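Order of the sequence lines sets the chain letters (A, B, ...), proteins ahead of strands, with each chain counted from 1. Bear in mind that the values here come from a model prediction, so they are computed numbers and not experimental data.
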There are 2 protein chains.
Amino acid sequence: MMKLSTRSSYGLRAALTLALHHGEPPRPAAVLAEGNQIPRRYLEQILNRLRRAELVTASRGPGGGYGLARDPGRITVGDIVRAVEGDLEPVLCAFPELKAQGVCAGEKCFCQGFCQEMERTLTRILDGTTLADLRARALKCREDSTCTCQGMEILSGADSLDSAH
Amino acid sequence: MMKLSTRSSYGLRAALTLALHHGEPPRPAAVLAEGNQIPRRYLEQILNRLRRAELVTASRGPGGGYGLARDPGRITVGDIVRAVEGDLEPVLCAFPELKAQGVCAGEKCFCQGFCQEMERTLTRILDGTTLADLRARALKCREDSTCTCQGMEILSGADSLDSAH
DNA sequence: GGGGATCTTGACAAGAACTGTCGGGATTTG
DNA sequence: CAAATCCCGACAGTTCTTGTCAAGATCCCC
């Protein structure tokens, strides 16, 4: 199990917004912050980490802002979480010192058996889901008239996919 | 996804040690702390939470200490994490405010689809694993001569299951 | 059986380290 | 020069850790 804080959530939301607007001119951090209800200064720090991990690109000056560094289908949620949280070392391990030493190698090992099972399960979901997957879900969610999500601010970004293009 | 810190790890390790020694006289916090390399004072606080959640029992005075409140097969890892961490609210949700409002009800909803999928997967593992399961794994791990775990302090507790009885 | 001495948990609180938040600049672009 | 981003540091809040003291339980000695 990996360390997960609000940073992951914020980073994920910002990145998803960027994915919804992929191909458009760069978006300033202020716009991303307002649309997702995230403190601007805090989001800047997070975007900075994403930039250092080369997941997003930043351009300065008027008309500048952030954009995805590559295709949404080639950025996973795990990439974002890892870039934002830093170490991403497992925290719910019965024996972290064992794992740190690389001591537990056996398949039947207790540490492997339980703690790493959880970690692997998480990793599979995190690394198996791309921003493109999330975008597709968000758009589908928007189509479903019974889903109250569609009134939310963040999903309005999907409009540009229909109209702006 | 739930909040997981070192507290969960510490609590889990202490509880597992207790499970390995289930049926024996109570173990002092100092012994649990030393055997698991956990700061004693800090572990006492954690054990206190486990006691308030009625997962362990505490007795004072000479010969006193902690013991499991019920059978290891009837205590899950989820019980421990919940007792130790407190709220256990999800943290990696793209839209926590949606979830807080209970707004996302649709099956196809983005929030449900991804964030809650992760949460449910975790919960299933956490609540589906008991201390007895972990003990069985630890003992099996000890049998496997290729597993370097068996030299570790915590597994030596399994000795008492063979010899002391 | 009474009085300590000893061993244990329990509660409070203080200090270090990290997280989340914010502002003031420095730097780059147009 | 103006607009926009980045970098540095300050601040509260929380978590992690340790310390101090009080309270309960057992044992021993008289």
Measure from CG on A/L43 to C1' on D/dT5 and round the result to the nearest Å. 13 Å

Determine, for nucleotides 2-12 of chain C in 5'-to-3' order, which nucleotides have protein heavy atoms under 4.0 Å from the base (write B), from only the sugar-phosphate (write S), or from neither (write -). -----BBBSS-

Within the structure, does a side-chain N or O atom of B/Y10 lie under 4.0 Å from either OP1 or OP2 of D/dT17? yes

Under 3.5 Å, which donor-acceptor pairs do the side chains of residues 68-77 of chain A form with other protein atoms, sequence neighbours left out?
from, atom 1, to, atom 2, distance (Å)
A/R70, NH1, A/R74, O, 2.3
A/D71, OD2, A/G73, N, 3.0
A/T76, OG1, A/G78, N, 3.4
A/T76, OG1, A/D79, N, 3.0
A/T76, OG1, A/D79, OD1, 3.4
A/T76, OG1, A/D79, OD2, 3.2

Rounded distance (Å) that lies between atom P of D/dT5 and atom CD1 of A/I46: 16 Å

B/R27: partners by side-chain hydrogen bond (donor to acceptor under 3.5 Å, both in side chains), with sequence neighbours left out: B/H21

Which residue pairs pass the ring-ring contact (aromatic ring centres under 6.0 Å, His included) test with at least one member in residues 36-84 of chain B, sequence neighbours excluded? B/Y10-B/Y42

Partners passing side-chain contact (heavy atoms from CB on, under 4.5 Å) against B/A30 (at least two apart in sequence or in another chain): B/R40

Nearest heavy-atom approach of B/P26 to B/S59 is CG-OG, 3.7 Å

For the pair made of OH in B/Y42 and P in C/dA17, what is the distance, rounded to whole Å? 15 Å

Contacts of A/R60 meeting side-chain contact (heavy atoms from CB on, under 4.5 Å) (sequence neighbours excluded), chain-then-number -> none

